[in-house]
Amino acid sequence: MLYYELIRKESNGQIKGRIEKVIVYQPIEWKEIFIQSLINFILGYKLGFAIMDFKTFQADPAAAVFKTGKPLFWTWFWIVDFGILVLQNDSTDR
């Protein structure tokens with residue numbers, strides 16, 4: 001219904017239509033893979049740590065965020081996640 005109303009208003013001159021070129025598929029770039037992996041790392045690993053161990057995070061946020069050590073599993077998880085994104089990108093380029 002909205003489509004027909006917009007067509008009617010455009011034909012009456014009440015609104016002005018425009019034509020846009022839409023790119024349906026564009027290969028992902030390395031920059032986008034890096035940014036997505038960095039955001040996933042921060043949200044999934046560091047934010048999760050801040051929620052799970054809030055007292056440590058509250059005492060010294062910088063030390064808690066830049067801490068390395070025990071939760072090595074999640075570090076490897078994000079490395080593998082990044083690798084899968086790279087492999088998917090390579091397979092779509094062929």
Side-chain angles (χ1 to χ4, degrees):
M1 215 55 199
L2 177 64
Y3 173 77
Y4 295 116
E5 182 64 21
L6 291 174
I7 295 293
R8 184 185 67 78
K9 287 191 178 223
E10 185 179 1
S11 64
N12 288 343
Q14 293 175 338
I15 60 173
K16 183 178 175 185
R18 63 179 182 211
I19 298 175
E20 293 181 358
K21 183 177 179 182
V22 177
I23 299 173
V24 176
Y25 171 74
Q26 182 179 9
I28 194 167
E29 298 176 3
W30 286 99
K31 178 179 66 172
E32 293 174 9
I33 292 174
F34 178 74
I35 291 171
Q36 288 175 359
S37 297
L38 185 64
I39 290 171
N40 286 339
F41 174 74
I42 291 169
L43 290 178
Y45 182 66
K46 296 301 180 178
L47 186 63
F49 174 78
I51 291 170
M52 291 171 51
D53 194 6
F54 187 70
K55 289 186 180 188
T56 305
F57 181 76
Q58 191 176 20
D60 190 6
V65 169
F66 295 112
K67 173 184 162 185
T68 60
K70 287 190 274 183
L72 220 58
F73 170 76
W74 292 109
T75 304
W76 284 108
F77 177 78
W78 292 118
I79 290 171
V80 170
D81 182 42
F82 179 74
I84 289 171
L85 285 173
V86 170
L87 289 175
Q88 285 177 347
N89 185 34
D90 287 345
S91 66
T92 57
D93 287 345
R94 293 181 191 166

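Since the model is a prediction, treat every value here as computed from it, not as a measurement.
- One hydrophobic cluster, built from ILVMFWY side chains closer than 4.5 Å, holds both Leu2 and Ile15.
- The distance from atom CZ of Phe34 to atom CD1 of Ile39, rounded to the nearest 0.5 Å, is 10.5 Å.
- For Lys55, the side-chain contact (heavy atoms from CB on, under 4.5 Å) criterion is met by no residue, not counting sequence neighbours.
- A continuous path of ILVMFWY side-chain contacts below 4.5 Å connects Trp30 to Ile28, so both sit in one hydrophobic cluster.
- Between Asn12 atom CG and Ile7 atom CD1 the span is 11.5 Å, to the nearest 0.5 Å.
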